[in-house]
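What follows is a set of notes on a single structure, which appears directly below.
Ligands are counted one by one from 1 in listed order, and the atoms in each one are counted from 1 as well.
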Amino acid sequence: MARTLSIEPLTIEPLAGTSFGAVVTGVKVTTLEDATWHELYAAWLKYALLIFPDQHLKRAEQIAFAKRFGPLEFEMAAISNVKSDGSLRIEADNDDVMKILKGNMGWHCDSTYMPVQAKGAVFSAEVVPTVGGHTGFADMRAAWDALDGTLRARIETLAAHHSLHHSQSKVGHETKKRDGEYNGYGLHDGPVPLRHLVKVHPETGRKSLLIGRHAHNIPGLDKAESERLLQELVDFACQPPRIYHHDWTAGDAVVWDNRCLLHQATPWDMTQPRVMWHSRIAGDPASEAALH
Ligand code: OGA
Ligand code: MN
């Protein structure tokens with residue numbers, strides 16, 4: 001299935017055994033000609049996850065590449081168990097950053113708890129642990145396609161609230177400080193975004209499930225029934241052949257479409273450093289804004 005283009009020796013190799021994802025070789029993402037960029041963007045819409053081995057992006061390079069996909073929600077955040085002074089965070093301390101790292105291990109979609117959910121992310125590996133610390137992705141288009149008709153009809157008109165306070169509190173993170181101050185990105189106060197469970201992709205028109213750990217409290221259902229339904233959907237959706245876990249090599253970069261994939265971190269030995277860099281591509285308010 002590998003394909004070679006004449007302009008640059010770009011090769012797009014679909015992942016085996018999954019409904020999505022492709023490995024792209026033969027290009028340096030920092031120096032893409034326009035024609036190659038257009039090929040790549042089309043491939044991104046098709047595969048939803050592109051993996052670029054051996055890129056070793058510098059900060060400015062990663063930000064510039066991410067900006068080709070659109071304006072950024074934020075330029076570059078470290079997703080890391082290494083403190084700015086170089087020392088390792090102690091897992092048992094379970095500080096606020098550790099709680100966010102642990103929270104990331106649940107299947108989720110980025111920034112659904114913000115007024116506008118993210119379009120996607122460029123994510124790269126600088127330092128990787130020897131075992132674990134993979135990133136999982138799950139194809140919510142394929143999940144919708146595989147859902148039985150009864151369940152489809154049931155959820156098509158439903159919506160859920162999305163909140164980081166909710167998802168973090170489920171992993172034991174007391175997000176509201178006693179003095180009323182809030183800490184951390186996404187832990188703002190204010191109206192909780194409501195989003196349809198079934199999302200139509202603004203560029204491909206494909207339907208997908210918008211679920212994951214930030215989703216809760218479906219209007220019209222009682223709390224327990226809402227919880228049960230959302231868990232049932234995640235359990236069904238995040239299964240082979242709709243999932244892929246990327247085993248990172250330092251220097252890898254990926255770009256995922258946050259409008260149709262869920263993702264998760266996986267555990268690693270936290271006595272080892274893991275340093276990842278996340279550039280978050282902003283959603284278009286026309287398609288990614290919450291219902292209120
Ligand atoms: C993220 C995220 C997963 C990981 O950066 O948004 O969920 O593998 N990361 O670190
Ligand atoms: Mn995330």
Original post:
Nearest protein heavy atom to atom 8 (O) of ligand 1, by residue and atom, and its distance?
Top reply: T135 OG1, 2.6 Å
Original post:
For the hydrophobic clusters of this structure (ILVMFWY residues joined by side-chain heavy atoms under 4.5 Å, transitively), does one cluster hold both V192 and L197?
Top reply: no
**OP:** Determine, stepwise, if the pair Q272 / T130 fulfils side-chain hydrogen bond (donor to acceptor under 3.5 Å, both in side chains).
**Re:** CA-CA 8 Å; Q272 294 187 14; T130 50; 2.9 Å; yes
Original post:
Under 3.5 Å, side chain of Q168 to main-chain N/O of K99, donor-acceptor pair present?
Top reply: yes
**OP:** Please assess S167 against H214 for the test side-chain hydrogen bond (donor to acceptor under 3.5 Å, both in side chains), listing each intermediate value before the final yes or no.
**Re:** CA-CA 5 Å; S167 48; H214 306 311; 2.7 Å; yes
**OP:** Looking only at protein heavy atoms, identify the closest one to atom 4 (C) of ligand 1 and say how far it is in Å.
**Re:** A265 CB, 3.4 Å
Subject >> Neighbour count >12 (heavy atoms, 6.0 Å) for atom NE2, H278 >> reply: yes
Original post:
How does L101 reach ligand 1, by side chain, by backbone, by both or by neither, if only non-hydrogen atoms under 4.0 Å count?
Top reply: neither
Original post:
Quick one: do V234 and L209 end up in the same hydrophobic cluster if we chain Ile, Leu, Val, Met, Phe, Trp and Tyr together by side-chain heavy atoms under 4.5 Å apart?
Top reply: yes
Subject >> Where ligand 1 meets H108 - atom numbers and elements under 4.0 angstrom, heavy-atom basis >> reply: 7 (O)
Subject >> Non-hydrogen side-chain atoms of R195 and Q117 separated by less than 4.5 Å >> reply: yes
Original post:
What protein heavy atom is closest to atom 9 (N) of ligand 1, reported as residue, atom name and distance in Å?
Top reply: F123 CZ, 3.7 Å
**OP:** Within a distance under 4.0 Å of any heavy atom of R274, pick out the atoms of ligand 1 and give their elements.
**Re:** 4 (C), 8 (O), 10 (O)
**OP:** Heavy-atom contacts with D110 under 4.0 Å: which atoms of ligand 1 show up? List them by number with element.
**Re:** 6 (O)
**OP:** Report the part of R280 in contact with ligand 1, treating N, CA, C, O as backbone and CB onward as side chain, heavy atoms under 4.0 Å; options are side chain, backbone, both, neither.
**Re:** side chain
**OP:** Verify the distance criterion only: is there a donor paired with an acceptor across the side chains of E61 and H56 at less than 3.5 Å?
**Re:** no
Original post:
Is it the side chain, the backbone, both or neither of M276 that has a heavy atom closer than 4.0 Å to ligand 1?
Top reply: neither
**OP:** Mind listing the protein N/O/S atoms less than 2.8 Å away from the Mn ion (ligand 2)? Waters don't count.
**Re:** H108 NE2, D110 OD1, H263 NE2
Original post:
Which atoms of ligand 1 are found less than 4.0 Å from any heavy atom of I79?
Top reply: 5 (O), 10 (O)
Subject >> Aromatic plane relationship, F69 with W44 - under 30° parallel, 30 to 60° tilted, over 60° perpendicular >> reply: perpendicular
Original post:
For ligand 1, which atoms sit closer than 4.0 Å to a heavy atom of H278?
Top reply: 1 (C), 5 (O), 6 (O)
Original post:
Which of parallel (below 30°), tilted (30 to 60°) and perpendicular (above 60°) describes F123 and W256?
Top reply: perpendicular
**OP:** Using a strict cut-off of 4.0 Å, indicate which atoms of ligand 1 neighbour a heavy atom of H263.
**Re:** 1 (C), 2 (C), 6 (O), 7 (O)
Subject >> Main-chain N/O of W277 paired to Q62 side chain as donor or acceptor, under 3.5 Å >> reply: yes
Subject >> Any donor-acceptor pair under 3.5 Å from D93 side chain to D95 backbone >> reply: no
